Amino acid sequence: MRYTELERQSILSHLSGYRYTHTLGCEKAARMLAERFGGDVQKAGFAALLHDITKRLSREEQLYLCDKYGIIPCDIEKIEWKMLHGKTAAAIARAEYDADQDIVDAIAYHTTGRADMTLLDKIIYLADYIEETRDFDGVEPARKLAETDIDEALLYCFDHSLYDLLERGKLIHPDTMAARNTLIWQGVRHTYAAAESGV
């Protein structure tokens, strides 16, 4: 598939401020990761453009979209309602931009991950984490790992995200635990020391 510049500008018109620059960074990172790891560059870019299209919405607006598109929030999503933007953005991608199912799924799970993630799922999750405007403790090791091994980079991201959630006393979505467990079961191991030391 190829997305047109008209579609691109239509999506970007829904964004402003940090969300606009973050989305452009995510598009750039997703295309780069797709090239690096053999993914579909166009699908990666399109999914990245759409991934946060509903992020700005209030809880009431998110729940309205859930009702409109038949999305049933789980108990954790009802409390941590900001997680819903992945699923509502995925619904918009399908309904308004005729996105392919693999793009819809990658958008839906870009916040939580899921068991047995596809390459496109991994690209969008990781692009969202490492894009160039991100500036937080832990982002540089993630970028370094993403230069050579997407699965090790993902495991690092999951571990750091889980640590942050625990520190803040937040609920943890079961899809995130399933995503991390799948990587471990597949034999992915930590090589964080070298990444964190800059070696």
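Bear in mind that the values here come from a model prediction, so they are computed numbers and not experimental data.
At a threshold of 4.5 Å between non-hydrogen side-chain atoms, the residues Q9 and L12 count as touching. Considering only heavy atoms from C-beta on, D116 comes within 4.5 Å of Q186 through its side chain. Side-chain contact check for R94 versus Q101: some heavy-atom pair is nearer than 4.5 Å. Taking the side chain as every heavy atom from C-beta outward, D40 and L120 never approach each other to under 4.5 Å. A heavy-atom distance below 4.5 Å is not found between the side chains of E80 and H173. Side-chain contact between L57 and T88: absent, with no pair of heavy atoms (C-beta onward) separated by less than 4.5 Å. Contact of the E27 side chain with the R8 side chain is registered, since non-hydrogen atoms from C-beta on lie closer than 4.5 Å. In this structure, D105 and R114 have side chains that are in contact, with non-hydrogen atoms separated by less than 4.5 Å.
I184 CD1 to R189 CZ: the interatomic distance, rounded to the nearest 0.5 Å, is 5.5 Å. To the nearest 0.5 Å, atoms CG (L171) and CG (D75) are separated by 10.0 Å. Rounding to the nearest 0.5 angstrom, the gap separating the SG atom in C74 from the CD1 atom in I79 is 9.0 Å. Once rounded to the nearest 0.5 Å, the distance linking NZ of K55 with CD of Q62 reads 9.5 Å. Note that the CG atom of L154 and the CG atom of D159 stand 11.0 Å from one another [nearest 0.5 Å]. Expressed to the nearest 0.5 Å, how far SG of C157 lies from CD1 of I130 amounts to 7.5 Å.
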- [ ] Test H22 against E131 for side chain to side chain donor-acceptor pair (under 3.5 Å), laying out the working first.
- [x] CA-CA 7 Å; H22 164 69; E131 62 87 7; 2.7 Å; yes

- [ ] Show the numbers, then the answer: is there a side chain to side chain contact (heavy atoms under 4.5 Å, CB included) between F46 and Y97?
- [x] CA-CA 10 Å; F46 196 44; Y97 294 93; 3.9 Å; yes

- [ ] Using the side chain to side chain contact (heavy atoms under 4.5 Å, CB included) rule, take I172 and L162 through it: C-alpha gap first, then chi angles, then the decisive distance, then the call.
- [x] CA-CA 7 Å; I172 296 172; L162 289 167; 3.5 Å; yes

Open item on the list: side chain to side chain contact (heavy atoms under 4.5 Å, CB included) for K82 and R59? Distances and angles first, verdict last.
Closed with: CA-CA 7 Å; K82 290 184 179 180; R59 181 178 185 274; over 6 Å; no

Task: Audit row: L33, I124, side chain to side chain contact (heavy atoms under 4.5 Å, CB included) steps and yes/no - done: CA-CA 9 Å; L33 290 168; I124 300 308; over 6 Å; no

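Ion pairing between a basic and an acidic side chain is recognised when a charged N comes within 4.0 Å of a carboxylate O; D164 and K170 show no such pairing.
Note on L15 and L84: separate hydrophobic clusters, where clusters join Ile, Leu, Val, Met, Phe, Trp and Tyr whose side-chain heavy atoms are under 4.5 Å apart, directly or indirectly. L50 and M32 fall within the same hydrophobic cluster, defined by Ile, Leu, Val, Met, Phe, Trp and Tyr side-chain heavy atoms under 4.5 Å apart, directly or through other members. Under a hydrophobic clustering in which Ile, Leu, Val, Met, Phe, Trp and Tyr are joined whenever their side-chain heavy atoms come within less than 4.5 Å, directly or via other members, I92 and Y64 fall into the same cluster. The hydrophobic clustering, which links ILVMFWY residues whose side-chain heavy atoms are closer than 4.5 Å, places I150 and Y109 apart. Under the 4.5 Å side-chain heavy-atom criterion for ILVMFWY residues, a single connected hydrophobic cluster contains both I103 and L24.
Between T111 and H85, the closest heavy-atom pair is OG1-CE1, 3.3 Å. F37 approaches A146 most closely through the heavy-atom pair CZ-O, 3.3 Å. Between W81 and S58 the shortest heavy-atom distance is CZ3-C, 3.6 Å. Scanning both residues, T54 and A89, for their nearest heavy atoms gives OG1-N, 3.4 Å. Annotation for A47 and I107: closest pair O-CG1, 3.7 Å, computed over non-hydrogen atoms. Between L183 and L155, the shortest heavy-atom distance links the atoms CD1-N, 3.7 Å.
Annotation: Y69, atom OH; neighbour count of heavy atoms from other residues, nucleotides and ligands within 6.0 Å is above 12. Other residues, nucleotides and ligands contribute more than 12 heavy atoms inside 6.0 Å of the CG atom of L166.
Not one N or O on the side chain of T112 forms a donor-acceptor pair closer than 3.5 Å with the backbone of T176. No donor-acceptor distance shorter than 3.5 angstrom exists from the side chain of R180 to the backbone of G113, with no hydrogens or angles considered. Side chain of S10 to main chain of L6: no donor-acceptor pair is present (N/O by atom type, distance under 3.5 Å, no hydrogens or angles). The backbone N or O of L49 sits nowhere less than 3.5 Å from a side-chain atom of T23 that would complete a donor-acceptor pair. Listed for the R143 side chain is no donor-acceptor partner under 3.5 Å among the backbone atoms of G138. Side chain of R134 to main chain of D128: a donor-acceptor pair is present (N/O by atom type, distance under 3.5 Å, no hydrogens or angles). Side-chain N or O atoms of H51 include one that pairs as donor or acceptor with a backbone N or O of A48 at under 3.5 Å.
Between T118 and D121, the side chains place a donor N or O and an acceptor N or O closer than 3.5 Å (distance only, hydrogens not considered).
Using a 30° and 60° split on the angle between ring planes, F158 and Y125 fall in the tilted class, from 30° to 60°.
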